[in-house]
Amino acid sequence: AFTVFPPSGGPLGLTGCTVSPSSDVNRLGFRALTSAYRNQQVPYQQWVWDPNQNVNKPEPPDAMKTLPAQIPLPANNCPTSEYP
């Protein structure tokens, strides 16, 4: 996999972060995220639930409702090569 913007600068392998469920598809998708975070020097993940924009979508799980608005990176035991 590659990211187009920001460009990954080469092919991406599977993430070294903890991903659940730990399938190759999930690990590759998560690696695309960590590549983008690193290239943009994003220090946190930000979660937003807008009930006005998500009218036809189910409510987020209770566990997600209690998350802080920003989760500092690294999370998920990521190797230092995958975060800013």
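All values below come from the heavy atoms of this structure, side chains included, with hydrogens, waters and symmetry mates left out.
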Original post:
Are the side chain of N26 and the backbone N or O of P21 linked by a donor-acceptor pair below 3.5 Å?
Top reply: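 Such a contact is found between N26 side chain and P21 backbone.
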What heavy-atom pair brings [X] and [Y] nearest, and what distance separates the two atoms?
X   : Y   : answer
G16 : E82 : N-OE2, 2.7 Å
T34 : C17 : CG2-SG, 4.1 Å
L28 : A1  : CD1-CB, 3.7 Å

**OP:** Please list, chain by chain and in numerical order, all residues satisfying side-chain contact (heavy atoms from CB on, under 4.5 Å) with T3, sequence neighbours excluded.
**Re:**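 T3 satisfies side-chain contact (heavy atoms from CB on, under 4.5 Å) with S8, L12, A32, S35 once adjacent residues are dropped.
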**OP:** Just jot down the side-chain contact (heavy atoms from CB on, under 4.5 Å) partners of R27, sequence neighbours excluded, or say none.
**Re:** L14, T15, V19, S22, D24
